[in-house]
Amino acid sequence: MKLVIVSFVALLSVFCAQAQTDSIGVYALRNGEVSRVEVLNYTQTKISGGLKSKARLVFAGPTSQTRFNGTATFRLYFGTPSPYEVAKYYMFTPTYSVKDFSVGKFEVKKGDRLLTTATVSVIGSKVGAQQAEGVHIAYRALRNHVYEITVTGPAGEYCIMPIINGVAGYTGVFDFTIE
């Protein structure tokens with residue numbers, strides 16, 4: 001009887017862990033529907049020279065498939081990623097929260113989206129992608145480890161990015177468009 005109970009508890013914990021694993025990440029809320037936003041990784045790094053140099057990450061394509069009119073709303077779910085997805089979703093483990101994320105704005109150039117991650121000049125330097133200017137971001141905790149982010153701003157290409165230890169974009173971003 002003990003073996004049956006222990007087996008049942010172990011099986012139940014596997015199902016619960018799978019449910020938590022399936023829901024971690026960034027989800028877009030559009031027209032009453034919820035859809036997962038996949039991680040977008042950069043294809044290359046471009047470094048410009050001169051008196052003011054910039055390091056930019058290049059993301060393929062001029063626009064995102066995740067599109068909003070005027071205001072973008074997302075849910076961020078934190079939990080324990082499966083062993084197969086831990087490298088992809090480490091930023092959603094329970095040790096992190098919505099405070100470890102920011103919204104950046106892409107510069108669209110020659111069919112690609114660029115995210116500036118470092119600026120160096122003779123008078124100083126900045127490292128890490130900066131938060132998008134002219135954008136209002138509202139954070140709301142829905143329950144333990146579940147947050148809602150609402151982004152309002154001018155039309156353009158944006159991304160939600162982890163800013164843990166200054167990684168901003170190097171571990172991937174969650175892209176979206178505001179029209």
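Hydrogens, waters and symmetry mates play no part in the numbers below; they use all other heavy atoms, side chains included.
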| Could you walk me through whether T63 and E157 pass the side chain to side chain donor-acceptor pair (under 3.5 Å) check? | CA-CA 7 Å; T63 190; E157 298 296 319; 2.8 Å; yes
| query | Got a second to check how far Y27's OH is from R75's CZ, nearest 0.5 Å? | reply | 12.0 Å
| remark: Sorted by chain and residue number, the salt bridge (charged side-chain N to carboxylate O under 4.0 Å, His left out) partners of K88 (sequence neighbours excluded) come out as E38
| said: Would you say the rings of F106 and Y158 are close, in the sense that their centroids are separated by under 6.0 Å? | reply: no
| request: Kindly write out the residues that satisfy ring pair (Phe, Tyr, Trp, His ring centres under 6.0 Å) with F74, not counting sequence neighbours, or none if the list is empty. | output: F68, F176
| said: Testing V173, D112, T43 one by one against F59 for a side-chain contact (heavy atoms from CB on, under 4.5 Å), which residue passes? | reply: V173
| message | Return the NE2 to OG distance between H145 and S23, rounded to the nearest 0.5 Å. | response | 11.5 Å
| request: Please step through side chain to side chain contact (heavy atoms under 4.5 Å, CB included) for the pair H136 and V151, ending with a clear verdict. | output: CA-CA 6 Å; H136 176 69; V151 181; over 6 Å; no
| request: Walk me through it: do V135 and T152 pass the test side chain to side chain contact (heavy atoms under 4.5 Å, CB included)? | output: CA-CA 6 Å; V135 174; T152 307; over 6 Å; no
| remark: Only one of I47, V120, T119 passes side-chain contact (heavy atoms from CB on, under 4.5 Å) with K54, and that residue is T119
| task | Report the residues that fulfil side-chain hydrogen bond (donor to acceptor under 3.5 Å, both in side chains) with K46, sequence neighbours left out, ordered by chain and then residue number. | result | none
| CE of M91 to CE of M161: how many Å apart, nearest 0.5 Å? | 12.0 Å
| Do you know the tightest heavy-atom contact between I163 and S102? | CG2-CB, 3.7 Å
| said: Restricting to side chain to side chain contact (heavy atoms under 4.5 Å, CB included), what partner residues turn up for E179, sequence neighbours left out? | reply: R67, N69, T177
| query | How close do T171 and P162 get, heavy atom to heavy atom, and via which atoms? | reply | OG1-CG, 3.5 Å
| Q65: what forms a side-chain hydrogen bond (donor to acceptor under 3.5 Å, both in side chains) with it, not counting sequence neighbours? | none
| said: Going by side chain to side chain contact (heavy atoms under 4.5 Å, CB included), name the residues that satisfy it together with I123, two or more places apart in sequence or in a different chain. | reply: S121
| remark: By side chain to side chain contact (heavy atoms under 4.5 Å, CB included), A141 pairs with (sequence neighbours left out) Y147
| note | Joining Ile, Leu, Val, Met, Phe, Trp and Tyr whenever any side-chain heavy atoms lie under 4.5 Å apart, the cluster holding L114 also takes in V58
| For the atom pair OG1 (T45) and CZ (R56), what is the distance rounded to the nearest 0.5 Å? | 12.0 Å
| task | Could you list the residues that satisfy side-chain hydrogen bond (donor to acceptor under 3.5 Å, both in side chains) with R30, not counting sequence neighbours? | result | S35
| Heavy-atom pair with the smallest gap, counting every atom of F101 and I160 | CD2-CG2, 3.9 Å
| Testing Y89, Y77, F92 for side-chain contact (heavy atoms from CB on, under 4.5 Å) with V26, which one passes? | F92
| said: Run the side chain to side chain contact (heavy atoms under 4.5 Å, CB included) test on T150 and T71 for me, step by step, so that the C-alpha distance in whole Å, both residues' side-chain angles and the decisive distance to 0.1 Å come before the verdict. | reply: CA-CA 7 Å; T150 303; T71 300; 3.3 Å; yes
| message | Checking S64 now: which residues fulfil side-chain hydrogen bond (donor to acceptor under 3.5 Å, both in side chains) with it, not counting sequence neighbours? | response | D175
| task | Would you sort out whether I164 and Y90 count as a side chain to side chain contact (heavy atoms under 4.5 Å, CB included), showing the intermediate values? | result | CA-CA 11 Å; I164 305 158; Y90 79 92; 4.2 Å; yes
| said: Which residues pass the side chain to side chain contact (heavy atoms under 4.5 Å, CB included) test with Y139, not counting sequence neighbours? | reply: V98, I137, I149
| query | Are Y84 and I24 joined in one hydrophobic group, where the rule is that I, L, V, M, F, W and Y side chains link up if heavy atoms are under 4.5 Å apart? | reply | no
| field | Sequence-distant partners of E33, salt bridge (charged side-chain N to carboxylate O under 4.0 Å, His left out), two or more places apart | value | none
| request: Please report the closest heavy-atom contact between G172 and V39, naming both atoms and the distance. | output: CA-CG1, 3.8 Å
| task | With the side chain counted from C-beta on, respond yes when R113 and L40 share a heavy-atom pair under 4.5 Å apart, and no when they do not. | result | yes
| field | Whether T117 side chain and A55 backbone form a donor-acceptor pair below 3.5 Å | value | yes
| request: Indicate the atoms forming the closest heavy-atom contact of S48 with S53, along with that distance. | output: O-CB, 3.1 Å
| field | Minimum heavy-atom distance between L115 and C159, given as atom pair plus value | value | CD2-SG, 4.2 Å
